[in-house]
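In the text below, chain A, chain B and the rest are named by the order of the sequence lines, each starting its count at 1. Please read these numbers as outputs of a predicted model, since none were measured by experiment.
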Protein chains: 2
Amino acid sequence: MIIDKKERIIEAAATSFSQFGFKATTMASVAKIAKVAKGTIYTFFDSKETLFSTILDRTMKNLRQSAEAALQEDAPFHENIQAMLDAILNFRENHQLLIKLGQEAKELGTAEVLEILTQVERMILDYIKSVIEKEQAKGISAKHDPELLAFLIYRTYIALISDWERQHEPLPKETITEIIKSQIH
Amino acid sequence: MIIDKKERIIEAAATSFSQFGFKATTMASVAKIAKVAKGTIYTFFDSKETLFSTILDRTMKNLRQSAEAALQEDAPFHENIQAMLDAILNFRENHQLLIKLGQEAKELGTAEVLEILTQVERMILDYIKSVIEKEQAKGISAKHDPELLAFLIYRTYIALISDWERQHEPLPKETITEIIKSQIH
DNA sequence: AAATGACCAAAAATCCATATCGGTCACTCG
DNA sequence: CGAGTGACCGATATGGATTTTTGGTCATTT
């Protein structure tokens with residue numbers, strides 16, 4: 001109760017950011033939930049942005065772990081890529097914080113939140129890239145620059161999973177697999 | 001001067017929509033530029049939307065013509081597809097009306113304008129699809145449903161041309177060609 | 001019959017008083 | 001002392017009353 005102040009603040013902020021988004025979360029309410037005074041938050045974090053950043057970093061670490069867990073040492077390249085993409089998309093769709101940020105960006109369109117989401121995208125792309133590089137080190141020939149390949153695969157996957165379904169029937173999994181495979185070759 | 005009233009209205013509206021966007025164009029100003037009374041516009045068009053629709057239809061017709069002109073009867077499939085995509089992208093980037101609508105959607109985010117842009121996308125996709133179908137009728141085997149292939153190619157092209165360049169050096173044309181080609185196979 | 005522009009209800013822009021926010025810092029009290 | 005507090009500050013957001021502008025109509029004119 002008396003210890004763990006910083007952790008309580010993080011906990012409270014994480015809940016609030018996930019529930020209400022960035023803008024609608026106030027430092028006063030975080031303080032109240034964490035049962036500390038507002039000033040105390042500022043002994044641990046410089047600003048609302050810094051506090052948020054800490055939570056986003058945790059979330060991204062979780063995402064990386066989910067993606068990591070989906071990989072299998074001996075599975076073929078394209079299967080691993082797809083398993084990872086599945087894990088990432090699944091995470092994106094189920095994590096309250098990311099969902100809320102997405103809504104916030106659409107509804108309020110604030111430059112601040114938009115930039116955060118760009119940052120998230122960047123982290124995801126970097127992770128995909130690192131997986132590609134690791135796989136390519138195993139000997140598979142590199143048709144494209146890993147940065148470009150990561151970009152291409154991720155964008156296509158998002159398009160096929162999310163955007164396509166806005167106006168069509170969902171695609172069968174085999175079709176998606178085949179398309180991703182053809183991009184790796 | 002006395003004749004051509006309808007044409008003058010269309011002309012004036014096209015200029016105004018291109019210059020100021022949908023929302024910022026007023027029927028009063030269109031009337032003034034066209035040198036007719038406001039009521040006169042309503043003898044030719046039911047509403048602002050209808051007037052706008054007429055202009056959008058013209059623009060889309062122009063786009064189709066540009067795309068059509070890029071096609072060559074005897075060129076290989078992938079070259080034609082890319083020439084057409086080039087024409088479409090070039091058109092999109094150079095036509096004041098579409099540029100302005102894009103800005104408007106970003107800045108004001110009105111549902112109205114967003115819907116219009118979806119409609120434009122739909123028309124472009126339909127056109128790409130029709131070209132694919134025509135080419136496939138010539139005997140090239142169909143790996144995917146033309147609707148899906150059109151969607152995939154268009155999205156990839158946009159991603160490579162526009163989105164990639166937001167954070168990277170532009171890609172050499174051959175790289176883009178190669179990627180598009182690999183999607184058709 | 002074709003064209004007009006004063007007119008209207010509805011929507012949008014403008015104001016401004018008030019509330020809320022992120023962040024600070026003099027002070028408290030353990 | 002020094003970690004912790006919350007009253008306080010300037011800046012920004014909010015709400016809602018008020019004014020302006022807009023799309024659309026229609027009695028009147030040409």
Any side-chain donor paired with an acceptor under 3.5 Å for [X] and [Y]?
X       : Y       : result
T50(A)  : S47(A)  : yes
Q183(B) : T156(B) : yes
Q103(B) : K100(B) : yes
N80(B)  : E135(B) : yes

| request: Select one nucleotide: of dC7(C), dG6(D), dA3(C), the one nearest the side-chain heavy atoms of K5(B). | output: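 Among dC7(C), dG6(D), dA3(C), the one nearest the side chain of K5(B) is dA3(C).
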
Interatomic distance where [atom1] belongs to [X] and [atom2] belongs to [N] [whole Å]:
X      : N      : atom1 : atom2 : value
K38(A) : dC9(D) : NZ    : P     : 13 Å
K32(A) : dG6(D) : NZ    : C1'   : 14 Å
K6(B)  : dA2(C) : NZ    : P     : 14 Å
K35(A) : dG4(D) : NZ    : P     : 17 Å

| message | Does any part of the side chain of I161(A), heavy atoms only, come nearer than 4.5 Å to the side chain of E93(A), both counted from C-beta? | response |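 Result yes, sub-4.5 Å side-chain heavy-atom pair found.
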
| query | Does the side chain of T59(A) reach to within under 4.5 Å of the side chain of F91(A), using non-hydrogen atoms? | reply |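 They are in side-chain contact.
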
| field | Results of ring-ring contact (aromatic ring centres under 6.0 Å, His included) for F52(A) - residues two or more places apart only | value |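 For F52(A), the residues satisfying ring-ring contact (aromatic ring centres under 6.0 Å, His included) (neighbours in sequence not counted) are F17(A), F22(A).
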
| field | Strand contacts (DNA chain C) in residues 21-29 of chain A, 4.0 angstrom heavy-atom criterion | value |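 Contacting residues: T25(A), T26(A), M27(A).
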
| message | Among residues 39-53 of chain A, which ones have heavy-atom contacts with DNA chain C below 4.0 Å? | response |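 Only Y42(A), S47(A), K48(A) qualify.
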
| field | Stacked cation flag K129(A) on Y154(A), 6.0 angstrom / 45 deg | value |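 No.
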
